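Only heavy atoms go into these numbers, but all of them, side chains included; no hydrogens, no water, no symmetry mates. Here is how names work: the chains are called A, B, and so on, in the same order as the sequence lines, proteins then strands, and each is numbered from 1. Keep in mind that what you see is a predicted model, and the values were worked out from it rather than measured.
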Amino acid sequence: MTMDKTFDAASAEARITAAWDAGHAFAAGANAKPGAPAFSVVIPPPNVTGSLHIGHAFNNTLQDILVRWHRMRGFDTLWQPGQDHAGIATQMVVERRMAEAGGPGRREIGREEFLRRVWAWKQESGGTITGQLKRLGASLDWSRNAFTMSGAPGAPAGEEGNFHDAVIRVFVEMYDKGLIYRGKRLVNWDPHFETAISDLEVENIEKDGRMWHFKYPLAGGETYEYVERDADGRVTLRETRDYISIATTRPETMLGDGAVAVHPGDARYAPIVGKLCEIPVGPREHRRLIPIITDDYPDPDFGSGAVKITGAHDFNDYGVAMRNGIPLYALMDGRAHMRIDGLPYAESAAIATRAARGEDVGDVGTVNLVPDDLRGLDRLEARERVVAAIDAEGLSVTGADGNPLVERKKIMQPFGDRSGVVIEPMLTDQWFVDTARIVGPALEAVRSGRTKILPEQHEKVYFHWLENIEPWTISRQLWWGHQIPVWYGLDLAAEGFRDDEGDGALDHVELFRLLNEGGLVHGGEIHHAAADFAAVADAFRDDIAGLPRPLEVARVVEVADRAAAIDTFARALADYNLTQDPTHLVYPVWRDPDVLDTWFSSGLWPIGTLGWPEDTPELRKYFPTDVLVTGFDIIFFWVARMMMMQLAVVGDVPFRTVYVHGLVRDEKGAKMSKSKGNVIDPLDLIDAYGADALRFTLTGMAAMGRDPKLGPRHVEANRNFVTKIWNATRFAEMNGVFAAPAQGMPQPAHTVNRWIMGEVARARLAVDEALGAYRFNEAANVLYAFVWGQVCDWYVEFAKPLFDGDHADETRATMRWVIEQSITLLHPIMPFVTEEIWALTDARPKMLVHGDWPEYGAELIDPEADRQMNWVIGLIEGVRSARAQMGVPAGARLDLIVTEADDAARAALTANGPLIERLARVNPPVPGNAGRGMIAVAAPGASLALPIGDVIDVAAETARLQKAAARTEKDAAGLRGRLGNAKFVENADAQVIAETREKLAELDEELARLKSALAQLAAL
RNA sequence: GGGUGAUUAGCUCAGCGGUAGAGCGCUUCGUUCACAUCGAAGAUGUCAGCGGUUCAAAUCCGUUAUCACCCA
């Protein structure tokens, strides 16, 4: 066998991936020792339509290292793969593709057809990322691939699985326990996707904005003394005003104002609190009046200190409105256009005015306070019109120049993280998880250490978020997702439905009142949750059973929506009226069209992928999982929710450790983004340098709590490392190291071989310690320094002269072992090149992916071999340094004269003569005296001299030795200072003191040798 | 406004109580039979500033400055 000069990553990776696949190398439990403990990891599921970006590469490299390490150690290992259906993102992609193809939109083709296309797209693109993960070498058990929408209705063949069952079951259980509720709340509304989103999906970004100042005239032309004072209470402004000044960044929302609020302690407005003022927009004849109220929310020092309250379109205002009983007037539709539905403006304004005077006007959902000329406009267009109208009327506050005062300033605006459009707070009916009721165990689990978050600083962030948790909006007005398993029915028990005679039966007069008086249209709804229609029908039957005759026998049927339900029910009543046949009566129910937030289902990822709600062997064996490796960006989205949901559903933590890694940045530390154009594609790097180089680079940068900064040159450097390992093996192979059969751990006699075995043991201990503490970068650095710095730089060189001689056999055996141990230790980080070397160098019973992780340790360290080889290395470095600095040609072979040597030094010289001769390029050492034309080299216990010619540059040699002496002197002085300090000797560890003394002695000796050399030089 | 982290060689970063390291870059030398995707030698740092704790501080504490990120 001959090896090429370099490792051909591209061809080897494909071949090795195929071999791992064929051997089911990554299957759960592969390579497990009998009775071994389990080690399980679930992948953070990538979006099914996604492709591998550098963050995935980083995340999965770290997981793979842990997984491969445990698998080699014989744990019963599972790394669970899968993908997330990613509701909004996927729906967006499919809709965009449909638009690009010029076809009809989703509303035209309908829900069923649209979902069919999403599934088709999923099946087409879902494999992309799995293929890319394989290229990275990720050792996931692909036979268990999971999907968060598997088993959903409409899923095509090949998408079986029970994730959907798990999601629905959890929803129903939480619904039944009252942990999920429906409510009309102000939510973040994405006008692009026309769906509610959660707080976490909103990004607040500071943008240039405008702030307008308007006058709200007091009702009836009233006036008051407006007085401003400075900090000392001196009056700085006093004037009579007939208005209150309001600042706003969103003038269009003035249309829906329900009040003006001032701080209760604000003396400026005390005279007018409780009075009414006028909103300075809308048709003059219907100008609305709103009350001036007090609330703690307004900041007296900000703007005018008075705040307009639009409860239906601002979260802060919503709070004020709820506290003060201010009506919430919705102004916009789902696209954030001004409403066109509801009552005409005049009627609406009249109702609102009655409300402002304190009358109870009931539900204001149909009240539309958008003036007729603004209805249907985009909100931004409406804003300009509103401003223009107020300016025209002279009700803008003017600045010093007499023009309307418009401040240009930075304002925080909410944006949808997927759509990028400005989010609109909207009053809608949504489903919520009552997170406050399930957060306790999730907090407790981390506080008690049942689940550990690393690095620890993230625990604080976790606590802070969970301690201030808001209800979680889980309904989304999308189609791609788990449809909410809730059915609604008309509330026939509500008022408006009357049994006049109280005889427990309905006559046709009573029945028809439901229809004629619009009782159904404006009536309420009841709802139940269940896994399917059959189950939910039972629940409704229980409700119906309590109704008067003949409705108690109505059949529960499913219809499309509320309108269809009313229609169906009316027809049934009509039919009954004619036939008096109660079997014709039906009670129509309709299913909630919304789907669940993607994170609701991915929140069940740990149990869902293991087969829950079935009681599977995998669930019993691999749950709770051992470690979750993830980025800090989804601690709230995902980690915290998995904690809450797993604890709520199965009463256990989903994982014992959460390892939080950083965000991969570009070389300059900037976030990668498409708009900046600094995105690095991991596949490009794999193509250019191989997966091992990329993995090793990312691992070396994975310092806990830091963001890796990645550039191609880093990967290139580690590709060189791959080449280095490859060539060390190639050298060994060329020297017959792998020719003889392996014999297990060698028992060499030669110092060099004994020394390197100790170095292997040190590396193994350090790697295990580093990985055990999730210090990935340390593991990579240890291996790099060991393989390159020890094995390649020294051991291979030392071994060369040993290949012919008394120690040839043991040296071959040792080198074989060293290389096999090196690639074993490297395999979790660099699986491909190590697997390739493993296969090339011998016929092996099993692949390295199932290799045996070593367990030896310090017992392999031979202190004497250690001491001697360090001495030899020091000497060689000393000679090389002296030669180079004195300009001796690299090829010249010099004599080596030993002018002085103690027994240890003499022994080391004798035992390692050939090594020293070769690496220092000197002749065999001979005793002698320093003399003319020689340069000096000092080593512990020995002084040596190198004749480099008849005439040397005495000045240069003197300078060289003086410089070395000065450096040694300085170090020695520092140590002497410490040892001279009585407090140091008193307080420091005995070992530290001993080490310091030893070090000082060495330095003193070196210094003496240098000085002696200088003296001799001067004497010549 | 609140929180978290960072500031170490020209660049990118490790180290986080015992007197500074790596990679890349730079300089000089080298076609010695594994590797030029290499080898040898070398230069470069008041470890952001100030103050404190300690026998001892890049490392712990406080503070200032600058930068970054998260949450309002």
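With a 6.0 Å cutoff to the six-membered ring centre and a 45° limit on the axis angle, A/K452 does not count as a cation-pi contact of A/Y659. Figure legend: A/R762 and A/F786 shown without cation-pi pairing, the cationic atom not lying both under 6.0 angstrom from the six-membered ring centre and within 45 degrees of its axis.
Of the nucleotides present, B/C29 is the one that pairs with B/G39 by Watson-Crick or G-U wobble criteria, both distances under 3.5 Å. Look at B/U46: it lacks any Watson-Crick or wobble partner with both distances under 3.5 angstrom. Base-pair partner of B/U59: not found among the strands shown (Watson-Crick or G-U wobble, both distances under 3.5 Å). In this structure, B/A65 forms a base pair with B/U7, meeting either the Watson-Crick or the G-U wobble geometry with both donor-acceptor distances under 3.5 Å. Checking B/G1 for Watson-Crick or G-U wobble geometry (two distances, each under 3.5 Å) identifies B/C71 as its partner.
In this structure, A/T996 does not reach the B/G18 phosphate: none of its side-chain N or O atoms is under 4.0 Å from OP1 or OP2. An OP1 or OP2 oxygen of B/U32 is reached within less than 4.0 angstrom by no side-chain nitrogen or oxygen of A/K800. An OP1 or OP2 oxygen of B/C38 is reached within less than 4.0 angstrom by no side-chain nitrogen or oxygen of A/K5. Between A/N720 and the phosphate of B/C38, there is a side-chain N or O to OP1/OP2 separation shorter than 4.0 Å. Distances shorter than 4.0 Å separate some side-chain N or O of A/N987 from OP1 or OP2 on B/C55. Look at A/W788 and you'll find a side-chain N or O under 4.0 angstrom from OP1 or OP2 of B/G39.
Side-chain proximity of A/T723 to the nucleotides B/U37, B/G15, B/C38 is greatest for B/U37. When distances are taken from the side chain of A/N781 to each of B/A14, B/U37, B/C29, the shortest belongs to B/A14. Candidate nucleotides B/A34, B/G18, B/A41 were compared by shortest atom distance to the side chain of A/F984, and B/G18 ranks first.
On the C1' atoms, B/U46 is 23 Å away from B/G42, given to the nearest whole Å. Only the C1' atoms considered, B/C29 is 14 Å distant from B/A36, to the nearest whole Å. Rounded to a whole angstrom, the distance from the P atom of B/U53 to that of B/C71 is 40 Å. Comparing B/G18 with B/A58, their C1' atoms sit 13 Å apart, to the nearest whole Å. For the P atoms, the distance from B/U37 to B/C67 is 42 Å, rounded to whole Å. Rounded to a whole angstrom, the distance from the C1' atom of B/A43 to that of B/G1 is 49 Å. On the C1' atoms, B/G45 is 15 Å away from B/A22, given to the nearest whole Å. For the C1' atoms, the distance from B/U4 to B/U44 is 34 Å, rounded to whole Å.
Residue contacts shown for A/K999 are absent, as no nucleic acid heavy atom lies under 4.0 Å away. Among the atoms of the strands shown, base atoms are found under 4.0 Å from some heavy atom of A/T6. Nucleic acid contact for A/R880: sugar-phosphate only, since backbone atoms but no base atoms lie under 4.0 Å from a heavy atom of the residue. The residue A/F721 sits apart from the nucleic acid: no heavy atom pair falls under 4.0 Å. A/E456 comes within 4.0 angstrom of no nucleic acid atom, judged by non-hydrogen atoms across all strands. Residue A/A717 is in sugar-phosphate contact alone, with no base atom involved, counting any heavy-atom pair closer than 4.0 Å across all strands shown.
The aromatic rings of A/H458 and A/F632 sit parallel, their planes meeting at an angle under 30°, below the 60° perpendicular limit.
Going from atom CG of A/L1003 over to atom C1' of B/G18 covers 15 Å, rounded to whole Å. Put simply, NE2 on A/H464 is 9 Å from P on B/A72, counting in whole angstrom units. Between the P atom of B/A34 and the OH atom of A/Y795 lies a distance of 15 Å, rounded to the nearest Å. One interatomic measurement links the two molecules: CG of A/N981 to P of B/A57, which rounds to 11 Å at whole-angstrom precision.
In A/E797, the CD atom is crowded: over 12 heavy atoms of neighbouring residues, nucleotides or ligands sit closer than 6.0 Å.
At a cut-off of 3.5 angstrom, counting only N and O atoms as typed in the model, there is no donor on one side facing an acceptor on the other between the side-chain of A/Q885 and the base of B/A40. Donor-acceptor pairing under 3.5 Å, judged by distance alone, is present between the side chain of A/K724 and the base of B/C35.
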Let me have the donor-acceptor pairs involving side chains of residues 988-995 of chain A, under 3.5 Å, with sequence neighbours excluded, atom names and distances please.
unit_1	atom_1	unit_2	atom_2	d
A/Q991	NE2	A/E995	OE2	3.2

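In summary, the side chains of A/N753 and A/Y795 do present a donor paired with an acceptor at a separation below 3.5 Å, with no hydrogens or angles considered. Side-chain contact of A/S11 with A/D8: a donor-acceptor pair under 3.5 Å is present, judged by distance alone.
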